[in-house]
Structure formats: C-alpha cells, structure tokens
Colleague: 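Pasting a structure here, questions to come.
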Amino acid sequence: MRTTNLYAPTLRETPAEAEVRSHQLMLRAGLIRKAAGGLYTYLPLAWRTIKKIEQIIREEMDEAGGQEVSMPILQPAEIWQESGRWAVYGDEMFRVRDRHGRQFCLGPTHEEMVTTLVRDEVRSYKQLPLMLYQIQNKYRDEIRPRFGLMRGREFIMKDLYSFDKDEEGMNESYRKMYDAYTRIYTRMGLDFRPVEADNGAIGGGHSHEFTVLADAGESSIACCTSCDYAASDEKAELNVIKAAEEELLPLEKKATPGANTIELVAGYLKLPIEKTIKAVAFQTDADELVLAFVRGDHEVNDVKVLNLLEGAIELRMADEEAIAEAGGCAGFMSPIGIKEGTRVIVDQTVMEMYNACAGANEKDVHYVNVNPKRDFPDAAVADIRMVRAGDLCPRCGGIIKMTRGIEAGQVFTLGTKYSEALRAVFLDENGREKPMQMGCYGIGVGRTMAAAVEQNNDEHGIIWPRAIAPFEVVVVPVNAKNPEQLELAEAVYNELKKARVDVLLDDRKDRAGVKFKDADLIGYPLRITVGPKAVDENAVELKVRRTGEILTASREEAAAKAVELLGKL
RNA sequence: CGGGGCGUAGCUCAGUUUGGUAGAGCACCUGGCUUGGGACCAGGGGGUCGUAGGUUCGAAUCCUGUCGCUCCGACCA
C-alpha cells in the first residue's frame, strides 16, 4: 500500500468533541469519523486493525472448538417474548416494525437467537458440547454513548455461546474460553488482567472480565500485589478484620446534636473512625427495607447486599418514612431497637468490633460501647463492604491495590436460564430430558482497539503493538521528488512485501517533517527512513516507534533487519 | 432522565458582556521557491453564525422554543 492511495485524513489539532486520549488519537490519526452520537465509520487504517484483531479472535475461537456462524442482526420479537426479555430490556433495545406491523429488534445480544437455533436441532447428549460464535455488529441504544468507540450504540462484538450436557461440561467450556481469551489478549500485546466479576442477576456461575489496564478505564479493579488475584471492585471478596479484644463496657447513650454523619460523630465524640458503625438503608424493587451496617471508614457494597436478597432485582436508597416505620432514624441508626422482622445485614468486620459507636435510632443520639456480639447477636452477618487499597488479599493475604482498566471482554456461565425459558432440552444417557447448560463469552472488538490505543500512546501519538498495527512498517523516502531516494525506498518496500511484512510506502511529495509527524501519530511500530544518506552512503535508518531507538543498515540489509526488529515488537 | 458546558469556514477558536451587516491560524486551490521533524512568498475559493420564531431601523450578539454535541451520575462489550 502507498500513502497516496490511502484514505487516512490526519488532523493537526484535537477535535473538541473528544475527551479521552484514545478517542482523540483515533480521530486525529484518521482511524475513525463520527456519523452520529455513538455511531462511527471505521476508515481504512482502523479497519485493518479491526481485521487483525478479528483474525486473532477467530484463530483462538476455532482452536478452542468454536464454530463461526452468522445470525441475523434483525431479530423477531417472538423469541424475546418467549425468554421474557422483550419486556425487561427496555429502552436500550432498538425496536422496529416491518411493513406488516410485526415487531423486530436490532440484536443487542444473541442468547435468544442462538438458543432457539440449537433447540430445534440438538436432541441428544451426543451432539454436545457445542460452541457457536460470530463477529458482527450489535445494537444498544445506550443512555449515554461516550468515549468514541468505547461505548457506542453500534459496536462490533464477538459473541460465543456454549452448550453442554451438564455443569461439569459447562465449566470445561468456560475454562477453554478463559484460556482462549488469555491467549487472545496476550497475542495482541496488551497488558491485561482476567478479573473476577459479579454476574449479577444470573447468579451462581462464574464470570471473569478481561480488563485492559489503563488509567482512563471505566472499571475499578482490585489486584493483589503478591499473587495473581484480581477482581472487580464490586466482586472483590474480603476477609474479616478482627479488632483487638477489649473488655465489654456497658452500653451507653450520648447526645450528639446534629451529628448525622460518621465524620461528625467521630469528631464530636473524639473517637477514631474505626470505632464507629455506619448504616446505609436500602429499599428493594419490592419496597422491602434493608439496613446494612459496615465499619465507619468502610463503604457498603450494594452489589453484595443485593446478591444476598432472594428475588430482588435492584436497590435504591430508602425513604425516611420507611426507615422510621421500622423504628430507625435516618442519620442515627444501629441494629439495636429496630423492629422485629426488618431485614438487617451486618458486615462481618462489624461483628468483630468492641465498644464501638453506633446510632441509637433517635434523633441526635448515639450509643457508645456497642458490642455487636452482645448487642445484636442474631443479625445476619456477611461480607458486604467495598474493597479499597490496602485491604488484604482473600487468597494470599497480600496487599490489595486498586487499578483502573477497560473491560474489553467478558466470559460467564449462564446455567439453564435461557435453555429453560426457551426449552432448549436434550435427552441424556438415561433418556431423561434436561435443559442445556450454557455459557456466553463476549469480546468488544472496537473497544479492544480503543483500549489498545488508550494503553499504548505517548505525546506524539499511538504506539501500536505489532500484532494489531494497521501496518507493521512504514517506509519513508525523505524526499519523494528525488528519484534516487524514491527508487531505493521502493526497493526496500518491495523486499518487505516479498517477506510478507505488512508495509506502507509513504510516497507523498510532502516535506519529511509532515511524514514523520504522521508516522508517529498513526503509530506504525517501525519506520524506515530512506534519505540522502541512503543515496550517498548506502545507509537507511530504522526507527522503533515505542523506544525511539534508531539503527542504520545498508539498503541490502534493511529488510532483513526490519524483520528481525519486528520479531521483538 | 437529572446536573454542568458548548454549537460561528473542513479543524482549533476569536467576535456575543455593551446590537451596526463575518474574522484569525491551520487545512484547501493556483503559481513560485523549498525538501531529515507539521517550511516560506504571492494570489484565491469557502460560513443560511445549529434551527425556528420574536424584539429592533438593524441580530452571530437580546428574548423564547427546538435540535445536536459533550462532560458528571445509573447501564454495559
């Protein structure tokens, strides 16, 4: 490919609409252009990278036993009504009607489609396991599209679905996918972590998010500094922290006028914040009141709370009236004196506190010398707090640090949620009818590209990992109007092509500076410069984008040297 | 949907407070000169000032509606 034949409109200045680095760079480097909010055109450079990412994914999916298919993007409402999600999915689903008034949606995901496909064909355990995948556009009418390709309304996704005869098989499929994902992100040259994740409403199964580490990432993850434990902030498990044992003092009320926050109480009573107990009141979607208690310096993890509540779908902050009805007092709450039957959940660490301070369930009054094991021994106890930096790893006891990343892929087991709803059943070895055990596994392809840019750039532009660079090498004749230079550059270019290197010849008649700036901005891993020195001294120059390292080689050696350097990028 | 910010040339922005008839840099076209880090000189093209309405002799500027973009929150690949 020659630059004069490449549509890659680079921008000298950063467009005002882009806030995050990857979005800015992809616009500036001429990779993408916006068509409307959350909708982007992939220009030739971006599309080359997308195709490379897809190819890596395909190879690993096939290797793991997946088979590629292509299912319709336009999906009939019926199958969604059957699974019950037509009503649940809400405004996030794009819905359309055909000329007869029949309803369809633009697929936000394909569980319904793939499950109905499989149920009609698979009858026997002998036909399982089965793994089907596709790479295609998905549509979600996001509340707020943002960060360019990071969260679009149309985005490219690889989605694989596994079908197994039992849980053991499902877990085996899961493991294969986990391993395949690990190879995919490794091959792409990205710094990533498989992160234990909550799989929310589905419950029960496993889930990992494959998170590309980047400071601008949306997800906050807890990583152990000693072992390889990593979990999303809402998932991270925590061990009990035992306070030093103390003699139990008698419970006592103290007036704490206006002290309705933990900071105010601790300040007023001159107590360390670790000696206080904090309350958070929630209500479920069914209006049940739930009181959660954590140590004063901790935060309640509402996902953990929600997971403890059978049947609840979401939590919101409780109304003051509901709290008062249960005998509580907003801002001054404790489990002591709450009406019988009220849902109270106490963090495990709270149970190990001695002579602590908590609300007295009346305005402007707190208790001191609260001893949970004595004062509310019957409360439900669980791990309900949010992880924070400095906590101890639940696996090895090492120190946890918090990092940020971009969730580029996710794997999780679904169990029989969809196979039951859509009656995808088979006969097992004993002739008994059973629902299939499913798993689903997604990779955001465009998001992975954005994450790669987010993770690999400097003040001059993008620095592509070789495996997903739009071109591996750019050959730059310093002065393309000089026939000798151009001829030598073409010779190097042709040799690299022959060596099956993905190479671009920047044959534009612009000044060298322009071409160098573009090369840095677009971020080809390797640049080969052919200038006067090549003509006069037979010396061409190879520059590694990431390190800035410059090597020289003779014209004859240049291609071989480039191939050697690429091997290390 | 709630809360901020912004819509003026392809891009980045000035002009809006105090109404007087459209600007700069970059990009683009022509010619010249130049060719190792976004050159230079000369000439040129390009804007219903997001949009609709109102106030006014006169609106980019003031008022009202509306659309779009963007950031923060709930959602997610």
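Bear in mind that the values here come from a model prediction, so they are computed numbers and not experimental data. Quick note on labels: first sequence line is chain A, next is B, and so on, each numbered from 1.
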Colleague: When the C1' atoms of B:G68 and B:G32 are compared, how many Å lie between them, rounded to an integer?
Modeller: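 Result for the C1' pair: 44 Å, nearest Å.
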Colleague: Apply side-chain hydrogen bond (donor to acceptor under 3.5 Å, both in side chains) to residues A:Tyr139 and A:Asp141 and explain how you reach the verdict.
Modeller: CA-CA 7 Å; A:Tyr139 294 83; A:Asp141 195 358; over 6 Å; no
Colleague: Would you verify whether the NZ or CZ of A:Arg447 falls within 45 degrees of the ring axis of A:Phe155 while also being under 6.0 Å from that six-membered ring's centre?
Modeller: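 Ring-cation test returns no.
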Colleague: In whole Å, what separates the P atom of B:A22 from that of B:U30?
Modeller: 29 Å
Colleague: Assuming nearest nucleotide by heavy-atom distance, tell me which of A:Glu541 and A:Glu17 is located more 5' along RNA chain B.
Modeller: A:Glu541
Colleague: A:Ala18 near the nucleic acid: base, sugar-phosphate alone, or nothing, with a heavy-atom cut-off under 4.0 Å?
Modeller: nothing
Colleague: What integer distance in Å separates A:Arg12:CZ from B:C13:C1'?
Modeller: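 Atom CZ in A:Arg12 sits about 16 Å away from atom C1' in B:C13.
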Colleague: For a quick check of understanding: with a heavy-atom distance under 4.0 Å over all strands, which category does A:Asn482 fall into, base, sugar-phosphate or nothing?
Modeller: nothing
Colleague: Could you identify the nucleotide paired to B:A77, looking across every strand shown and requiring Watson-Crick or G-U wobble geometry with both distances under 3.5 Å?
Modeller: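 Its partner is none (no Watson-Crick or G-U wobble pair with both distances under 3.5 Å).
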Colleague: Tell me, yes or no, whether the heavy-atom count around A:Glu17 atom CD, taken from other residues, nucleotides or ligands under 6.0 Å, exceeds 12.
Modeller: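 Enclosed: over 12 neighbouring heavy atoms sit under 6.0 Å from CD of A:Glu17.
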Colleague: Tell me the interatomic distance from A:Phe516, atom CZ, to B:G36, atom C1', rounded to whole angstroms.
Modeller: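 These atoms are roughly 5 Å apart.
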Colleague: If B:U48 has a Watson-Crick or G-U wobble mate with both distances under 3.5 Å, name it; if not, just say none.
Modeller: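 Paired with B:U48, as far as the under-3.5 Å criterion goes, is no nucleotide at all.
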Colleague: Going by modelled atom types, is there a donor-acceptor pair between the base of B:G36 and the side chain of A:Lys543 at under 3.5 Å?
Modeller: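 Flag unset: no donor-acceptor pair detected.
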Colleague: Hydrogens and angles aside, do A:Tyr133 and A:Asp62 bring a side-chain donor and acceptor to less than 3.5 Å of each other?
Modeller: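 The criterion, which ignores hydrogens and geometry beyond distance, is satisfied for A:Asp62 and A:Tyr133.
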Colleague: Could you give the distance separating B:A59 and B:C75 at their C1' atoms, to the nearest angstrom?
Modeller: 43 Å
Colleague: Taking atom P of B:G2 as reference, at what distance in whole Å does atom CG of A:Asp91 sit?
Modeller: 14 Å
Colleague: What are the two closest non-hydrogen atoms of A:Ala450 and A:Met150, and how far apart are they?
Modeller: CB-SD, 3.7 Å
Colleague: So, for A:Tyr40 and A:His23, is the gap between ring centers shorter than 6.0 Å?
Modeller: yes
Colleague: Is any N or O donor-acceptor pair between the side chain of A:Glu13 and the base of B:G25 shorter than 3.5 Å?
Modeller: yes
Colleague: Without decimals, in angstroms, what is the distance between A:Asp510 CG and B:G37 P?
Modeller: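 The answer, rounded to whole Å, is 14 Å.
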Colleague: Heavy atoms only, 4.0 Å cut-off, all strands: where does A:Arg316 land among base, sugar-phosphate and nothing?
Modeller: nothing
Colleague: Using the P atom as the reference point in each nucleotide, state the distance between B:A39 and B:C28 in Å, no decimals.
Modeller: 11 Å
Colleague: Looking across every strand, which nucleic acid part, if any, lies under 4.0 Å from A:Lys515 by heavy atom: base, sugar-phosphate, or nothing?
Modeller: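 Counting heavy atoms under 4.0 Å across all strands, no contact is made by A:Lys515.
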Colleague: Tell me, for nucleotides 72-77 of chain B in 5' to 3' order, what letter each nucleotide earns: B for a base near a protein heavy atom under 4.0 Å, S for only sugar-phosphate near one, - for neither?
Modeller: BBBBBB
Colleague: Could you work out the separation of B:U18 and B:G38 based on their P atoms and round it to a whole Å?
Modeller: 44 Å
Colleague: If you measure from the C1' atom in B:C69 to the same atom in B:C33, how many Å do you get, rounded?
Modeller: 43 Å
Colleague: Show which side-chain atoms of residues 472-482 of chain A pair as donor or acceptor with protein atoms under 3.5 Å away, not counting sequence neighbours.
Modeller:
residue: A:Glu472; atom: OE1; partner: A:Asp502; partner atom: N; Å: 2.7
residue: A:Glu472; atom: OE2; partner: A:Arg466; partner atom: NE; Å: 2.6
residue: A:Glu472; atom: OE2; partner: A:Arg466; partner atom: NH2; Å: 3.0
residue: A:Asn479; atom: OD1; partner: A:Lys481; partner atom: N; Å: 2.9
residue: A:Asn482; atom: OD1; partner: A:Glu484; partner atom: N; Å: 2.9
residue: A:Asn482; atom: OD1; partner: A:Gln485; partner atom: N; Å: 3.0

Colleague: When both hydrogen-bonding distances must be under 3.5 Å and the geometry is Watson-Crick or G-U wobble, what is B:C69 paired with, if anything?
Modeller: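 Paired with B:G5.
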Colleague: Nearest whole angstrom, please: distance from the C1' of B:G38 to the CZ of A:Arg508.
Modeller: 10 Å
Colleague: Could you check whether A:Phe412 and A:Tyr174 have their ring centres less than 6.0 Å apart?
Modeller: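 For A:Tyr174 and A:Phe412, the ring centres are not under 6.0 Å apart.
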Colleague: Using 4.0 Å as the upper bound for N to carboxylate O, is an ion pair formed by A:Arg187 and A:Glu59?
Modeller: yes
Colleague: In the structure shown, which nucleotide is the Watson-Crick or G-U wobble counterpart of B:G53, with both distances under 3.5 Å?
Modeller: B:C63
Colleague: Quick one: do the A:Ser232 and A:Glu234 side chains pair a donor with an acceptor below 3.5 Å?
Modeller: no
Colleague: For a quick check of understanding: with a heavy-atom distance under 4.0 Å over all strands, which category does A:Pro532 fall into, base, sugar-phosphate or nothing?
Modeller: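 Base contact.
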Colleague: Quick one: label A:Asp518 by what it contacts on the DNA or RNA (base, sugar-phosphate, nothing), any heavy atom closer than 4.0 Å.
Modeller: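 Here A:Asp518 touches the bases of the nucleic acid.
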Colleague: What is the distance, to the nearest angstrom, from the NZ atom on A:Lys517 to the P atom on B:A39?
Modeller: 10 Å
Colleague: What verdict does the salt bridge (Lys or Arg N to Asp or Glu O under 4.0 Å) test give for A:Asp233 and A:Arg404, after you've listed the backbone C-alpha separation in whole Å, the side-chain angles of each residue and the deciding distance to 0.1 Å?
Modeller: CA-CA 10 Å; A:Asp233 57 354; A:Arg404 301 198 69 83; over 6 Å; no
Colleague: Taking any strand in view, what nucleotide pairs with B:G43 in a Watson-Crick or G-U wobble way, both distances under 3.5 Å?
Modeller: B:C29
Colleague: Pick the P atom in B:U16 and in B:C76, then give their distance to the nearest Å.
Modeller: 47 Å
Colleague: Would you say the side chains of A:Arg85 and A:Tyr418 form a donor-acceptor pair under 3.5 Å?
Modeller: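 Judged by distance alone, the side chains do pair up.
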Colleague: Ignoring hydrogens and angles, are the base of B:G36 and the side chain of A:Asn479 linked by a donor-acceptor pair under 3.5 Å?
Modeller: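 Absent.
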Colleague: Starting at atom CD of A:Glu459, determine the distance to atom P of B:G38, rounded to an integer number of angstrom.
Modeller: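 For the pair A:Glu459 CD and B:G38 P, the rounded distance is 15 Å.
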Colleague: A:Lys509 NZ to B:A39 C1': how many Å, rounded?
Modeller: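 Answer to the nearest Å: 18 Å.
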Colleague: For the C1' atoms, the ones on B:G7 and on B:A52, what distance do you get once it is rounded to whole angstrom?
Modeller: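 After rounding to an integer number of Å, I get 16 Å for this pair.
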Colleague: Please list, by residue number, the residues of residues 20-45 of chain A whose heavy atoms come closer than 4.0 Å to an atom of RNA chain B; answer none if no residue qualifies.
Modeller: A:Arg28, A:Lys34, A:Gly37
